[in-house]
There are 2 protein chains.
Amino acid sequence: MLANQGSTAKIVRPTTLRESVLERILELIIIGSLKPGQHLVENELADNLGVSRQPVREALQLLSGEGWVDLRPGHGAYVHSPTVEEADQLLAVRTLLEAESARLAARNPDKSGVSTLRDICLRGLEACVADDVDAAVAANSELHTAVVNMSGNRVLADLTSQVARRVRWYHTPVARHRGKASWEEHAALIDAIEAGEEDVAADIMRRHTEHTRQSYLESRAQHPEVEPPAPIRRRRPRAVSS
Amino acid sequence: MLANQGSTAKIVRPTTLRESVLERILELIIIGSLKPGQHLVENELADNLGVSRQPVREALQLLSGEGWVDLRPGHGAYVHSPTVEEADQLLAVRTLLEAESARLAARNPDKSGVSTLRDICLRGLEACVADDVDAAVAANSELHTAVVNMSGNRVLADLTSQVARRVRWYHTPVARHRGKASWEEHAALIDAIEAGEEDVAADIMRRHTEHTRQSYLESRAQHPEVEPPAPIRRRRPRAVSS
DNA sequence: TTGTCGTCGACTGCCTACAGCATACATTCC
DNA sequence: GGAATGTATGCTGTAGGCAGTCGACGACAA
């Protein structure tokens, strides 16, 4: 009976076709089935997903709004081709946004919010010592989300989540968590928020996210598996015929 | 011959119908022809603009990505209804982003960029003493854009422009420029950027945008013309018949 | 061999049409 | 008289289809 009721009273949206198409395409991009720079032919996607072109088109329009695909009028949609430079800039912006979130969260910390943070932190640490990487990653993003929400600035929260989603794309080849040290930083952050020390909280968060940025860059330097920009192929190589 | 060549080598895009529809709808929203909370019926828009529903739908999808309209699956598109709280948050985020832009611009200031800034600043000041409000406003946004571009962080620039566009929406009822004082702040900002004084530049920009935020809030307090959320009407009141 | 032009194929952009759904009104029952 | 249900209507979501357009390939000429 409670199956469909999200804990946060999320609206049970009448999931339209274009929404599910959007999510499936997004998943294909994230797992790498659709490669950066690849031309997304509407008919192919429609056939593969078993729908008509229309919902595919609309899903692509929405995805372009989130920076996942680039629309070239008259040419169609291409999977956004990430560069190291862009990843760096994205992580820099994330640092900026999240540090401000931490500052605002510390400006008026509420009891329940802080205790939520502690719960998540505890879970993350447990997952960490249990070597459950997936759970640790989940707890990590959950904690960051919780902090942004505590900021009370919804615009900031939306923007951050938007940026964070794109960052996740770049995280794929990176080691996913930095172990116990990361959670100690988290704990310190929560302390600062609870104590209302704005500058300290912002600084911890800034250094924390800056750290992941650095490790991303290093990892990227070691594995420069950057794909060439975009081999634009509109026709597939003709099969031997005649 | 140079008619179509923008100064910044902008691509001459093969303007599609949905693009022009998007711009026309956006204009209608900005000038207030389409009011906050209003239900955007696709057929009506299509008829009024002389196109079919398809490009209208796609334009609405794109507009939703920029926060101008809200899509409710199964219900259609509604003009985003701005609240004072959201405006405040938006302006706060803009302050954050632009201050960082100024910091980055000051980190490595290039000669040509700085001279461009000075040109714009001069024009703005001239427009100001000539009491040409429109020109002053234009110069103002041009200058801010130039600073963001000098930051060298394209993600930051994109995000800022996105936020700034939405902020413009809230500026409508506000006094549009603060006169000479504003341009003196601009001049000081440019000096700081040229001298490479990151902290100073960031601080000037922060206070500068914070000032406009304060004046917005005050103006809003005096003219609390906030519309009621959204009187959702899907059928127009039936005409007296029979 | 290299540059230019014509042809062809494929894909996008747009239009029209239909089905499903949500809302508002009218009617009936308690 | 009030509430619940049936019915009508307008709108959205989706499908299918057609024309325009862009790029690639091949032929021809220099």
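Numbered from 1 within each chain, the chains take letters A, B, ... in sequence-line order. From a predicted model like this one, the values you see are computed outputs, not experimental measurements. These numbers come from the heavy atoms of this one structure, side chains and all, not from hydrogens, waters or symmetry mates.
- For A:L40 and C:dG13, the CG to P distance is 13 Å, given to the nearest whole Å.
- Looking at A:Y78 and A:H39, their side chains come closer than 4.5 Å, going by heavy atoms from C-beta outward.
- Atoms CD (B:E19) and P (C:dT12) sit 16 Å apart, rounded to a whole Å.
- Among D:dT14, D:dT12, C:dC14, the nucleotide with an atom closest to any side-chain atom of A:E58 is D:dT14.
- The neighbour count for B:R123 CZ, taken as heavy atoms of other residues, nucleotides or ligands under 6.0 Å away, is above 12.
- Closest approach to the B:H75 side chain among D:dG13, C:dT23, C:dC14 is made by C:dT23 (side chain taken as heavy atoms from C-beta onward).
- Annotation: A:E85, atom CD; neighbour count of heavy atoms from other residues, nucleotides and ligands within 6.0 Å does not exceed 12.
- For the pair A:N43 CG and D:dC18 P, the interatomic distance rounds to 14 Å; values are reported in whole Å.
- Contacts classified as ring-ring contact (aromatic ring centres under 6.0 Å, His included) and involving residues 135-167 of chain A (residues at least two apart or in different chains) are given here: A:H144-A:H186, A:H144-A:H208.
- In this entry the distance linking CD of B:Q61 with C1' of C:dG13 reads 15 Å, nearest Å.
- Among the heavy atoms of the strands, none lies under 4.0 Å from B:L71.
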Please assess B:S64 against A:L62 for the test side-chain contact (heavy atoms from CB on, under 4.5 Å), listing each intermediate value before the final yes or no.
-> CA-CA 8 Å; B:S64 84; A:L62 294 177; 3.9 Å; yes

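- Using a 4.0 Å heavy-atom distance criterion, B:R18 is classed as a sugar-phosphate-only contact.
- Of the candidate nucleotides C:dT16, C:dT12, D:dA15, D:dA15 has the atom lying nearest to any side-chain atom of A:S52.
- Residues B:L22 and B:E27 are not in side-chain contact: their nearest non-hydrogen atoms beyond the backbone lie 4.5 Å or more apart.
- Taking atom CZ of B:R72 as the reference point, atom C1' of C:dT23 lies 12 Å away to the nearest angstrom.
- Whole-Å rounding puts the A:E42 CD to C:dG13 C1' distance at 9 Å.
- Among the nucleotides D:dC11, C:dG13, C:dC15, the one closest to any side-chain atom of A:R57 is C:dG13.
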Got a list of protein N/O to nucleotides 17-20 of chain C N/O distances below 3.5 Å?
none

Working for side-chain contact (heavy atoms from CB on, under 4.5 Å), residues B:T83 and B:D88 = CA-CA 9 Å; B:T83 65; B:D88 186 41; over 6 Å; no

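- For the pair A:L60 CG and C:dC11 P, the computed distance is 14 Å after rounding to whole Å.
- Regarding B:L17, its CG atom lies at a distance of 11 Å from the P atom of C:dG13, rounded to whole Å.
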